[in-house]
There are 2 protein chains.
Amino acid sequence: MARNDNSVNMKKTKDSYHHGDLRAALISEALKLLEKQDLEHLSLREVARNVGVSATAVYRHFPAKDDLLKALADHGLAMLGAQQKEAAAKARGRLAFAQTGRAYVRFALANPNLFRLIFAHMPARTKPGAMSPEGLPARLMQDFITMDVGPKASTEQVFLSALRAWSIVHGLSMLILDEQVDRKVAEGLIDRVIA
Amino acid sequence: MARNDNSVNMKKTKDSYHHGDLRAALISEALKLLEKQDLEHLSLREVARNVGVSATAVYRHFPAKDDLLKALADHGLAMLGAQQKEAAAKARGRLAFAQTGRAYVRFALANPNLFRLIFAHMPARTKPGAMSPEGLPARLMQDFITMDVGPKASTEQVFLSALRAWSIVHGLSMLILDEQVDRKVAEGLIDRVIA
DNA sequence: TCGCTAATGTTTACAGTGGTAACATGGCGC
DNA sequence: GCGCCATGTTACCACTGTAAACATTAGCGA
């Protein structure tokens, strides 16, 4: 028998059969792991092991690994949105808009794996016509855009403008994360790329 | 014993022990598989199986899975570059430049998995100062940029302009692939986003 | 033409992974 | 006080990447 099957090392501190709030613990541990290793090396078993629970216990809270990942993505997205909002609050008008973009990139650089996870596991958030639903970072952008382009602009023009803005910040984030562009240099240019 | 070990079904057509050009066959098969399934479901064993060779034979040509992936990425990058060049040849000046950007996005949409693979496995292609080495799509862009900004622009200005352009096309590609934005709608706007 | 060697494939084996099924525990409502 | 059922655990399974040992043969020098 392999040394490493489902009977992982249990926590010794508490011998309580039930955990208390395993779901939250799993998410929190997974987020912690994502700070140090990338998505493809994040295994359910490791998360369970670190939390001190058997590997299959996870399935009581998430039907499949992907559902855990979705939960992580939601968490990450909320963080991103919060940071954007916070950044926007420190300025006004166009500048405030630029700040949300910069915050977007900064978030990506600060949480590379989480950032990737967000976009790797959140398809179909958008319906035709609407850029994105309530609460999403893009929603924030869209509000600014409307302000920017003027209230009389056509829906398509708003969309176009938002798409352009989002593309820039997202593309810049990705290119830096994927090391397509020298990180140090690009980091220094963020504020000028996103004007 | 599992039904499925390394002794995969061999090809019956040829009973030659040696394959001939296994390396090329592996790459070609892997590329074919990438047209139908995404990167995380691409397994060495499946590639080997389809080529009609044992799983470990792969290791005679690639030290590890990642090296196969790198080879695929190179292949994909060459394709991308070729398509950009071709697109550029059909126009002149600014428009030609826009065409390379549009070709970039079109390539991403036409080869989603390969496109992702390219950027997931080609870090460290760039040195500080130089945007990218010879032959890369970005190199092509940089030439245009120089033309666009004027030959007297500072290195930093060229870099900035190139970074912005690349970010837009890359970001747009990613957002559409990751379904963050309605595909149909966004596709129709490509030419206007990249002006 | 023979035979040796290096290149190329194959077999076997192993640790790790996501996931299912059957069983164990114990907290909470009656 | 007791029983149910949500939550955990143990056994498995198929599959993956990869290492080690063995097999085959292409091709080169004698």
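Here is the naming used below: chain letters follow the sequence lines, and residue numbers restart at 1 for every chain.
Set against D:dG8, C:dT17, D:dT18, the side chain of B:Ala64 has D:dT18 as its closest nucleotide. When distances are taken from the side chain of B:Thr56 to each of D:dT7, C:dG9, D:dA19, the shortest belongs to D:dA19.
With sequence neighbours left out, the side-chain hydrogen bond (donor to acceptor under 3.5 Å, both in side chains) criterion links A:Arg192 to B:Glu156.
Axis deviation across the helix from C:dT1-D:dA30 to C:dC30-D:dG1 amounts to 0°, comparing end segments of five pairs, rounded to 10 degrees.
Each of A:Leu42 and B:Arg60 was matched to the nucleotide of DNA chain C holding its nearest heavy atom; the match closer to the 5' end belongs to B:Arg60.
Side-chain N/O atoms of B:Ser54 include none lying less than 4.0 angstrom from OP1 or OP2 on C:dT11. Contact between the side-chain N/O atoms of B:His41 and the OP1/OP2 oxygens of D:dT16 is not found at any separation under 4.0 Å. Contact annotation: A:Arg49 side-chain N/O to C:dT17 OP1/OP2 distance is under 4.0 Å.
Contacts between residues 26-34 of chain A and DNA chain D, defined by a heavy-atom separation under 4.0 Å, are absent.
B:Arg183 has no carboxylate O lying under 4.0 Å from a charged side-chain N of B:Glu179, or vice versa, which leaves the two without a salt bridge.
One N or O on the side chain of B:Asp182 and one on the backbone of B:Val185 form a donor-acceptor pair closer than 3.5 Å. Side chain of A:Arg45 to main chain of A:Ala55: no donor-acceptor pair is present (N/O by atom type, distance under 3.5 Å, no hydrogens or angles). Remark: side-chain polar atoms of A:Asn113 are paired, donor with acceptor, to backbone N or O of A:Leu34 under 3.5 angstrom.
Judged by distance alone with a 3.5 Å cut-off, a donor-acceptor contact links the side chain of B:Arg45 to the base of D:dT18.
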